Number of protein chains: 2
Amino acid sequence: MARLPVYLQLLSEQFDAGVSNISSEEIAELAAVNAAKVRKDLSYLGSYGTRGVGYEVEFLIFQIKRELGLTHDWHVVIVGAGNLGQALAGYGGFGERGFPVGGIVDVADDKVGSLIGGVRVRHIDDLQHIVQSQNVAIGVIATPGPAAQDAADALVAAGVTSILNFAPTIISAPHGISIRKVDLAVELQILSYHEQRRANARQSTALKAVPGASGRGASA
Amino acid sequence: MARLPVYLQLLSEQFDAGVSNISSEEIAELAAVNAAKVRKDLSYLGSYGTRGVGYEVEFLIFQIKRELGLTHDWHVVIVGAGNLGQALAGYGGFGERGFPVGGIVDVADDKVGSLIGGVRVRHIDDLQHIVQSQNVAIGVIATPGPAAQDAADALVAAGVTSILNFAPTIISAPHGISIRKVDLAVELQILSYHEQRRANARQSTALKAVPGASGRGASA
DNA sequence: CCCGGCTTGTGAATCCGTGCACAAGGGACC
DNA sequence: GGTCCCTTGTGCACGGATTCACAAGCCGGG
Ligand SMILES: NC(=O)c1ccc[n+]([C@@H]2O[C@H](COP(=O)([O-])OP(=O)(O)OC[C@H]3O[C@@H](n4cnc5c(N)ncnc54)[C@H](O)[C@@H]3O)[C@@H](O)[C@H]2O)c1
Ligand SMILES: NC(=O)c1ccc[n+]([C@@H]2O[C@H](COP(=O)([O-])OP(=O)(O)OC[C@H]3O[C@@H](n4cnc5c(N)ncnc54)[C@H](O)[C@@H]3O)[C@@H](O)[C@H]2O)c1
């Protein structure tokens, strides 16, 4: 389930805040979901709650981590040392959450060799060596859209089996490779869709009073 | 539907490549989804296809844009001018896709005043002025996790009605405000979940042959 | 003008995720 | 030891999304 990481995040926060026991109701509140859903999700891990009491936070964290495969670190390699690649590589939260940057590669000669967040940018030809020497399983694509498929192919050829793609391109990979895509523009467009629906709703209600006047006018 | 932006993206690419007509089958191929789903999604916009021929790319792009509310630009304001905020503000693809950066704000005095991607960083106290003078409807949160809720409150107070949150924190807002969250760690954890399942599967099959030996050992 | 082939649009069956409601069970207090 | 209260775990019903399959419809060629 895609909600487990969210639970993990908030449980970790609660644990740091000194909370040792928590009910499904409280988790639901913090995760902004239904309490029954929380219990269903957690029961999927096994019956680790105590009726009448709730869940032991520390134990639950461990169980979720086990389920997600977070019992050890997963090294990550970033392809593309541009704007985004640098932000990602320089972002400390990566390693803190169990995903240290094992390497970052690029094709551009002026990028190769520079130091980002303590990691040196290498040429993409070194990808296979990096992946295999560091036992990297996850690759992150931060190249321009047209290069994304090439990057994916290179990652797969190097032995990576999971890919996180930030480029606005749908990439394909052999069966057995996990791919996830994060597309900024898609997120914004979904928001604008809702904005537009709200604007339309306002307009329809106002229409009866003043036909022709638009709600939130978007004048230049 | 959350798939419309994906269709839009790939249709735009096809249009640029000179394709003027396209079938649901081809769209499905490019979007990596079922063809019937594509037709259902598109029929939701109205009956804009021609039986026996397919869809006219340009017209379809226009219809999807209309549905998504992309007939005009939506200005965006970024809260937090750190690592990520700077990458976002400096990213040209934002404006190209109809979401120009209308402003970027921060609390830190050493950030305020600097120029990023042609936009000057302003103090968060100016948020309301920026939002209202530029008619901004969408806010992007790029602050550290603990400050995310404050940022959201400030955005809502300033009049923003949609929020895209990059911080690993669940934020709450009044009813009627759209919120979307993009959490890097969650994406990586989902990938690691699949990795781990693959590793387990390998281990189970190997177990019969060599009990005790682990598949992809994560030593040190 | 008619016919055959191709693609859309959509009814219907199905599947999956969600949420309700409640029985089962554990703990604390008496 | 008993009882009461609180919370978990889950059977069940519901709704939306997905997929199949096919009739309807358009176009080009004969
Ligand atoms: N910058 C952002 O905030 C942001 C936000 C969302 C999405 N994106 C997406 O992320 C991707 C990268 O954005 P960016 O702003 O960092 O772009 P960028 O142009 O700054 O960086 C791209 C980097 O990729 C390298 N590159 C090009 N082809 C390559 C290849 N075949 N193999 C390896 N490296 C290659 C380039 O040398 C460059 O360094 C784009 O697809 C963009 O749409 C960026
Ligand atoms: N950098 C990345 O690649 C990356 C990737 C994924 C997620 N994130 C998330 O994005 C957020 C920002 O990451 P970052 O690397 O840019 O961090 P950062 O520390 O570089 O930048 C945070 C910025 O927010 C500002 N800030 C703090 N409190 C604020 C407030 N109340 N109002 C306005 N501004 C405030 C700070 O002054 C700072 O400039 C974090 O939550 C992080 O988890 C970052």
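Within every chain, numbering begins at 1; the chains are lettered A, B, ... in the order of the sequence lines, protein sequences first and strands thereafter. All values derive from a computational prediction rather than experimental measurement.
Protein atom CG of B/N21 is 17 Å distant from nucleotide atom P of C/dC6, rounded to whole Å. One can place CZ of A/R3 at 9 Å from P of C/dG17, the figure rounded to the nearest angstrom. Between the P atom of C/dG11 and the NZ atom of B/K40 lies a distance of 8 Å, rounded to the nearest Å. We find that NZ of B/K37 is positioned 13 Å from C1' of D/dG16, with the value rounded to whole Å. Rounded to an integer number of Å, the gap from CG of B/D41 to C1' of C/dT10 is 13 Å. Here the P atom of nucleotide D/dA17 and the CG atom of B/L4 are 13 Å apart, to the nearest Å.
Contact between the side-chain N/O atoms of B/N34 and the OP1/OP2 oxygens of D/dC20 is found at a separation under 4.0 Å.
Among all heavy-atom pairs drawn from A/R66 and A/Y48, the shortest one is NH2-OH, 3.7 Å. Nearest approach of A/L30 to B/I170, heavy atoms of both residues: O-CD1, 3.4 Å. Nearest heavy atoms, A/S172 versus A/D153: O-OD1, 4.4 Å. When every heavy atom of A/W74 is checked against every heavy atom of A/P100, the shortest pair comes out as O-CD, 3.5 Å. Nearest heavy atom pair, residue B/A2 against residue B/V6, reads O-CG2, 4.4 Å. A pairwise comparison of heavy atoms in A/I104 and A/G85 identifies CD1-O, 3.9 Å as the closest pair.
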statement: Protein heavy-atom contacts under 4.0 Å, written 5' to 3' over nucleotides 21-30 of chain C as B (base), S (sugar-phosphate only) or - (none), form the string B--BBSS---

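When side chains are defined from C-beta on, A/F15 counts as touching A/I61, because their heavy atoms get closer than 4.5 Å.
At the heavy-atom level, B/Y44 lies nowhere under 4.0 Å from the strands shown.
Side-chain contact, B/Y7 with B/D41: a donor N or O sits under 3.5 Å from an acceptor N or O. Looking at B/E195 and A/S178, their side chains never bring a donor and an acceptor atom within 3.5 Å of each other.
Residues from residues 54-66 of chain A lying near DNA chain C, meaning a heavy-atom separation below 4.0 Å, are absent. Near-neighbour residues of DNA chain C inside residues 22-29 of chain B, defined by a heavy atom below 4.0 Å, number-ordered: B/S23, B/S24.
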task: Kindly determine whether A/Q9 and A/E13 satisfy side-chain hydrogen bond (donor to acceptor under 3.5 Å, both in side chains), including the steps that lead there.
output: CA-CA 6 Å; A/Q9 168 68 24; A/E13 278 172 16; 2.9 Å; yes

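Rounded to the nearest 0.5 Å, atoms OG (B/S24) and NZ (B/K40) are 12.5 Å apart.
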